[in-house]
A.B. asks: 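Next up is a structure, given as structure tokens.
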Amino acid sequence: MIRVLLAEDVQMVRGALVALLNLEPDIEVVASVATGDEIIAAVEKNKPDVAVLDIDLPGMDGLSAATVIHDTAPETRTLILTSLGRPGTLRRALNARVNGFILKDAPVGELADAIRGVSIGRRVIDSQLALSAWDTDECPLTPRELEVLRLASDGADAMEIATTLFLSVGTVRNYLTSATAKLDARNRVDAVRIARKSGWF
């Protein structure tokens with residue numbers, strides 16, 4: 001029996017997935033949570049074989065949780081379930097060392113097969129997304145430029161970003177200017193739009 005933890009914040013989707021996966025003869029959902037902050041404790045308590053994680057969760061996001069699971073409970077494999085079918089999102093997931101990546105609009109049978117594959121050590125990735133990631137340029141921004149741009153996308157001004165990252169305001173402005181130039185964007189707002197559309201944050 002493959003023991004599964006499911007993290008999904010939409011109650012109706014979570015309930016439906018739990019019910020459908022429990023119909024599979026070799027899969028048992030041993031825990032389901034609605035927020036990212038519940039994932040690590042649920043993994044420690046239930047010791048699932050596979051953690052199926054939505055990326056966008058309240059609190060800790062699914063990719064951050066996958067990284068913690070990889071470091072603290074390596075016997076639990078991670079499968080990302082997301083509606084964000086962007087090459088950049090897949091690259092971020094691979095950098096977080098997830099074992100699988102599947103889109104939410106896939107049939108339940110495909111999800112069950114992905115869980116089975118991940119549970120025996122296979123890396124399972126949506127084939128169309130893998131092909132598009134192969135054909136897409138990598139993110140040209142440095143981790144610091146991405147971090148500054150992500151904070152700006154949340155509405156923080158240069159002073160707030162500087163305080164958060166322990167940088168000078170001038171350095172923050174330099175990072176924003178550099179990121180805007182590298183993305184060939186018209187301005188900071190356009191740079192944020194490009195980065196989000198590419199799935200880089």
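Below, each value reflects all heavy atoms present in this structure, side chains not excepted, and no hydrogens, waters or symmetry copies. Note that the numbering runs from 1 along the sequence shown for the chain.
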A.B. asks: Do you reckon I115 sits in the same ILVMFWY cluster as L5, going by side-chain contacts under 4.5 Å, direct or chained?
C.D. replies: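 No, I115 and L5 fall in different hydrophobic clusters.
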A.B. asks: If I take atom OG1 from residue T142 and atom OH from residue Y175, how far apart are they, to the nearest 0.5 angstrom?
C.D. replies: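 One finds 6.0 Å between OG1 of T142 and OH of Y175.
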A.B. asks: Hey, is CZ on R97 packed in by over 12 heavy atoms from elsewhere, all under 6.0 Å?
C.D. replies: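 Yes, enclosed.
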A.B. asks: Would you say F101 ends up clustered with V124 if hydrophobic residues are merged whenever their side chains have heavy atoms under 4.5 Å apart, either directly or through other cluster members?
C.D. replies: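 As far as the 4.5 Å side-chain criterion goes, F101 and V124 are not connected within one cluster.
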A.B. asks: To the nearest 0.5 Å, what is the distance between CG on L103 and CD on E110?
C.D. replies: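 Taking CG in L103 and CD in E110, the distance rounds to 8.5 Å.
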A.B. asks: Looking only at heavy atoms, what is the nearest atom pair of R188 and A152, with distance?
C.D. replies: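 Taking every non-hydrogen atom into account, CD-CB, 4.1 Å.
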A.B. asks: Decide yes or no for H70 and P74: does some side-chain heavy atom of the first lie under 4.5 Å from some side-chain heavy atom of the second?
C.D. replies: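 No, too far: nothing below the 4.5 Å cut-off.
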A.B. asks: Quick check on the hydrophobic clustering: are L79 and V18 connected, directly or via other members, by side-chain heavy-atom contacts under 4.5 Å?
C.D. replies: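 Yes, L79 connects to V18 through the hydrophobic network.
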A.B. asks: Are more than 12 heavy atoms from other residues, nucleotides or ligands located less than 6.0 Å from atom CZ of R116?
C.D. replies: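 Above 12, so yes.
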A.B. asks: State, to 0.1 Å, how close L17 and L111 come at their nearest heavy-atom pair, and which atoms those are.
C.D. replies: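 Answer, listing the atom of L17 first, then L111: CD2-CD2, 3.9 Å.
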A.B. asks: D184: what forms a side chain to side chain contact (heavy atoms under 4.5 Å, CB included) with it, not counting sequence neighbours?
C.D. replies: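 Partners of D184 under the side chain to side chain contact (heavy atoms under 4.5 Å, CB included) test: none.
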A.B. asks: Examine distances only and state if a side-chain atom of R77 and a backbone atom of V118 form a donor-acceptor pair shorter than 3.5 Å.
C.D. replies: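 Here the side-chain-to-backbone pair exists.
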A.B. asks: Give the cluster check for L53 versus V29: same hydrophobic cluster or not, with ILVMFWY residues linked at side-chain heavy-atom distances below 4.5 Å.
C.D. replies: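 No, it is not one cluster - the side chains of L53 and V29 are not joined through contacts under 4.5 Å.
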A.B. asks: Answer yes or no: is there a side-chain heavy-atom contact under 4.5 Å between V52 and V50?
C.D. replies: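 Sidechains of V50 and V52: in contact.
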A.B. asks: What's the shortest heavy-atom distance between M1 and P25, and which atoms?
C.D. replies: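 Shortest heavy-atom separation between M1 and P25 comes out as SD-O, 3.5 Å.
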A.B. asks: I'd like to know if E75 pairs up with K47 as an ion pair, taking the criterion as any Lys NZ or Arg NE/NH1/NH2 lying under 4.0 Å from an Asp or Glu carboxylate oxygen.
C.D. replies: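 No salt bridge links E75 with K47.
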A.B. asks: Let me check something: any side-chain donor-acceptor pairs from residues 36-44 under 3.5 Å, sequence neighbours excluded? List them with distances.
C.D. replies:
residue, atom, partner, partner atom, Å
D37, OD1, M60, N, 3.0
E38, OE2, A34, N, 3.2
E38, OE2, T35, N, 3.0
E38, OE2, T35, OG1, 2.9

A.B. asks: Begin with the C-alpha distance, continue with both residues' side-chain angles, and end with the deciding distance and a verdict on side chain to side chain contact (heavy atoms under 4.5 Å, CB included) for L167 and R144.
C.D. replies: CA-CA 11 Å; L167 299 170; R144 186 60 102 180; 4.2 Å; yes
A.B. asks: Quick one: list whatever passes side chain to side chain contact (heavy atoms under 4.5 Å, CB included) with L20, sequence neighbours left out.
C.D. replies: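 Counting only residues at least two positions away or on another chain, L20 forms a side chain to side chain contact (heavy atoms under 4.5 Å, CB included) with L23, V108.
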A.B. asks: Quick check for you: to the nearest 0.5 Å, what is the distance between T180 atom OG1 and I194 atom CD1?
C.D. replies: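 These two atoms lie 8.5 Å from each other.
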A.B. asks: Of the non-hydrogen atoms in P48 and T76, which two are nearest, and what is the gap between them?
C.D. replies: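 Smallest heavy-atom distance, with atoms named: O-OG1, 2.7 Å.
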A.B. asks: Is it true that K104 and D54 make a salt bridge, defined as a side-chain N closer than 4.0 Å to a carboxylate O?
C.D. replies: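 Salt bridge: yes.
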A.B. asks: Rounded to the nearest 0.5 Å, how far does OG1 of T163 lie from CG of D157?
C.D. replies: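 So the CG of D157 and the OG1 of T163 are separated by 8.5 Å.
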A.B. asks: Could you pull out the closest heavy-atom pair between S32 and R14, with the gap in Å?
C.D. replies: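 Taking S32 first and R14 second, the nearest heavy atoms are CB-CD, 3.9 Å.
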A.B. asks: Are more than 12 heavy atoms from other residues, nucleotides or ligands located less than 6.0 Å from atom CZ of R123?
C.D. replies: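 Enclosed: over 12 neighbouring heavy atoms sit under 6.0 Å from CZ of R123.
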A.B. asks: How long is the span from the CG atom in L81 to the CG atom in L6, to the nearest 0.5 Å?
C.D. replies: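 Spacing of CG (L81) from CG (L6) equals 7.5 Å.
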A.B. asks: Sequence neighbours excluded, which residues qualify as side-chain hydrogen bond (donor to acceptor under 3.5 Å, both in side chains) partners of N46?
C.D. replies: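 Scan of N46 (side-chain hydrogen bond (donor to acceptor under 3.5 Å, both in side chains), adjacent residues dropped) gives none.
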A.B. asks: Taking the side chain from S178 and the backbone from N174, do they hold a donor-acceptor pair closer than 3.5 Å?
C.D. replies: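 No, S178 side chain to N174 backbone: no donor-acceptor pair under 3.5 Å.
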A.B. asks: Please round to the nearest 0.5 Å and tell me the distance separating atom OG of S119 and atom CD1 of I2.
C.D. replies: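 It comes to 3.5 Å.
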A.B. asks: Ignoring hydrogens and angles, tell me if any N or O in the side chain of D61 forms a donor-acceptor pair with the backbone of L63 under 3.5 Å.
C.D. replies: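 Between the backbone of L63 and the side chain of D61 there is a qualifying donor-acceptor contact (under 3.5 Å).
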A.B. asks: For T171, what residues pass the side-chain hydrogen bond (donor to acceptor under 3.5 Å, both in side chains) criterion, not counting sequence neighbours?
C.D. replies: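 Checked T171 against side-chain hydrogen bond (donor to acceptor under 3.5 Å, both in side chains); matches are S168.
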A.B. asks: I'd like to check the side chain to side chain contact (heavy atoms under 4.5 Å, CB included) partners of V10; sequence neighbours left out, ordered by chain and number.
C.D. replies: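 So V10 forms a side chain to side chain contact (heavy atoms under 4.5 Å, CB included) with E8, V13.
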A.B. asks: Is it true that L146 and L165 fall in one hydrophobic cluster, defined by side-chain heavy atoms closer than 4.5 Å?
C.D. replies: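 Yes; L165 is reachable from L146 via cluster members.
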A.B. asks: Any idea which heavy atoms bring L183 and A191 closest together, and the distance?
C.D. replies: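 That would be CD1-O, 3.6 Å.
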A.B. asks: Is there side-chain contact between V4 and D49, with heavy atoms separated by less than 4.5 Å?
C.D. replies: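 Counting from C-beta outward, V4 and D49 never come under 4.5 Å.
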